[in-house]
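Comments concern the structure below.
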Amino acid sequence: MTQQKRKTLRTGADLVAAGVAKPAQAAAIDRVAARYAVAVTPAVVDLIDPADPADPIARQFVPDLAELAMTRDELLDPIGDEAHAKVPGIVHRYADRVLLKPHHACPVYCRFCFRREVVGQGDGLTPAQLGEALDYIRSDARIWEVILTGGDPLILSPRRIAEVTVRLGQIVHVKVLRWHTRVPVVAPERVTAELVAALKSTTQAVYIGLHANHPRELTPAARAACARLVDAGLVMVSQTVLLRGVNDDVETLDQLMRALVEARVKPYYLHHLDRAPGTSHFRTSIVHGQRLMRQLRGRLSGLAQPTYVLDIPGGHGKMPIGPDYLDVTEAGISITDFQGVTHSYCECVPEQAETTDGKR
Ligand SMILES: *Cc1c(COP(=O)(O)O)cnc(C)c1O
Ligand code: SF4
């Protein structure tokens with residue numbers, strides 16, 4: 001049976017029938033589904049090990065009653081999209097780049113999604129609204145990069161993606177297009193020759209930001225989908241969310257980052273989890289995240305190192321959160337190596353530059 005012919009699962013009964021949830025979970029899943037969007041694609045179902053009660057794939061996609069518990073520190077709009085929304089579909093927080101969100105649907109719904117209050121809802125931009133969003137981008141010559149997100153913009157039809165590519169291609173100050181997606185992993189069969197052709201631009205550099213959290217997500221089919229994109233000249237980078245019970249140990253992160261680099265996807269960000277409602281069961285501490293990053297630095301190629309970032313609640317931007325290796329004080333500079341040993345570093349700038357060949 002081909003994956004196209006199998007349907008996406010959206011209810012407790014669907015998930016039980018597929019064997020990825022126990023009958024006793026069905027009612028709880030439906031309770032969560034009444035509050036937050038639920039979708040699990042056939043490719044993801046195939047990745048879940050039903051015999052493992054702590055399966056890291058199931059944990060990301062199968063609803064859990066814990067999602068209905070909201071803690072005091074959680075926020076409906078954790079990264080402040082609203083604070084920087086300009087016209088429908090546009091979030092403009094940094095001068096040189098904007099988010100363009102054509103719609104809010106995804107092929108799967110991650111249980112920890114930072115936009116869980118809006119994903120899976122609404123019809124997306126109308127043709128008139130898309131026109132206004134493009135006008136906004138055209139009217140501000142500082143905008144150098146357009147980041148297409150949502151939802152997952154790669155579930156638009158190739159025809160609509162090509163239309164966006166072409167229309168953005170006519171805006172001369174936009175030099176870079178970046179599509180954020182989970183499609184190559186959760187629905188690799190959607191990465192067809194048509195889709196790849198639609199993403200290619202004749203005038204702009206095109207980047208694909210792949211969201212992947214566990215090494216098992218990089219299946220042969222997912223790697224092949226990435227290869228189709230990279231072979232076509234698109235540059236791939238990755239984003240991973242640090243999640244308790246999914247990838248919050250060094251072994252898993254090591255394997256994930258290696259798998260990405262092997263698939264020619266450059267690790268870009270490791271995100272500290274945003275404080276979206278009902279996600280506290282996925283949370284780890286920043287201190288733990290820094291410890292993991294320190295361990296990765298010693299054991300992994302520089303190519304495989306992501307930057308660990310926190311999106312400051314309220315829309316203040318993503319900032320690297322360490323760990324810090326350099327310590328600058330009045331007394332001087334010291335730096336800690338990957339084995340934890342500290343070395344003093346002398347910035348000995350000579351008063352008068354000397355030459356080694358005796359000439360001035
Ligand atoms: C994440 C984000 C970006 C992109 O940030 P980079 O650090 O360039 O990856 C841009 N705008 C908004 C509003 C964002 O949330
Ligand atoms: S793919 Fe992204 S936007 Fe969609 S549910 Fe997952 S985290 Fe949210």
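When a ligand or atom number is given, it counts from 1 through the structure's own listing order. Count residues from 1 along the sequence. FYI, side chains are in, hydrogens and waters are out, and symmetry mates aren't considered; it's all heavy atoms of this structure.
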Checklist line | Residues E194, R159; criterion salt bridge (Lys or Arg N to Asp or Glu O under 4.0 Å); working and verdict | finding: CA-CA 8 Å; E194 259 181 299; R159 185 183 57 75; over 6 Å; no
Next item on the list: Please indicate how many protein N/O/S atoms are found closer than 2.8 Å to atom 6 (Fe) of ligand 2, with waters neither displayed nor included.
Entry: 1
Notebook entry, point to check: Sub-3.5 Å donor-acceptor pair from the side chain of D49 to the main-chain atoms of A51, do we have one?
Noted result: yes
Checklist line | Validation row: P102, L156 side chains within 4.5 angstrom (heavy atoms) | finding: yes
Notebook entry, point to check: Are V32 and D64 side-chain neighbours, meaning at least one heavy-atom pair lies under 4.5 Å?
Noted result: no
Next item on the list: Verify ring pair (Phe, Tyr, Trp, His ring centres under 6.0 Å) between Y136 and H92, making sure each step is shown before the conclusion.
Entry: CA-CA 10 Å; Y136 179 89; H92 196 182; 5.6 Å; yes
Notebook entry, point to check: Within 45° of the ring axis of Y36 and under 6.0 Å from its six-membered ring centre, is that where the NZ or CZ of R116 lies?
Noted result: yes
Between ligand 1 and the protein, find all N/O pairs closer than 3.5 Å and give the distance for each.
{"residue": "ligand 1", "atom": "7 (O)", "partner": "Y269", "partner atom": "OH", "Å": "2.5"}
{"residue": "ligand 1", "atom": "8 (O)", "partner": "R97", "partner atom": "NE", "Å": "2.7"}
{"residue": "ligand 1", "atom": "8 (O)", "partner": "R97", "partner atom": "NH2", "Å": "3.2"}
{"residue": "ligand 1", "atom": "8 (O)", "partner": "R178", "partner atom": "NH2", "Å": "3.0"}
{"residue": "ligand 1", "atom": "9 (O)", "partner": "R178", "partner atom": "NH1", "Å": "2.9"}
{"residue": "ligand 1", "atom": "9 (O)", "partner": "R178", "partner atom": "NH2", "Å": "3.3"}
{"residue": "ligand 1", "atom": "9 (O)", "partner": "Y268", "partner atom": "OH", "Å": "2.6"}
{"residue": "ligand 1", "atom": "15 (O)", "partner": "R93", "partner atom": "NH1", "Å": "3.3"}
{"residue": "ligand 1", "atom": "15 (O)", "partner": "K318", "partner atom": "NZ", "Å": "3.1"}

Next item on the list: Evaluate salt bridge (Lys or Arg N to Asp or Glu O under 4.0 Å) for R6 paired with D46, printing each intermediate quantity in order.
Entry: CA-CA 11 Å; R6 292 163 61 198; D46 290 346; 3.0 Å; yes
Next item on the list: Determine, stepwise, if the pair R299 / E251 fulfils salt bridge (Lys or Arg N to Asp or Glu O under 4.0 Å).
Entry: CA-CA 10 Å; R299 55 195 273 168; E251 198 54 53; 3.1 Å; yes
Next item on the list: Answer yes or no: does atom CD of E82 have more than 12 heavy-atom neighbours from other residues, nucleotides or ligands under 6.0 Å?
Entry: no
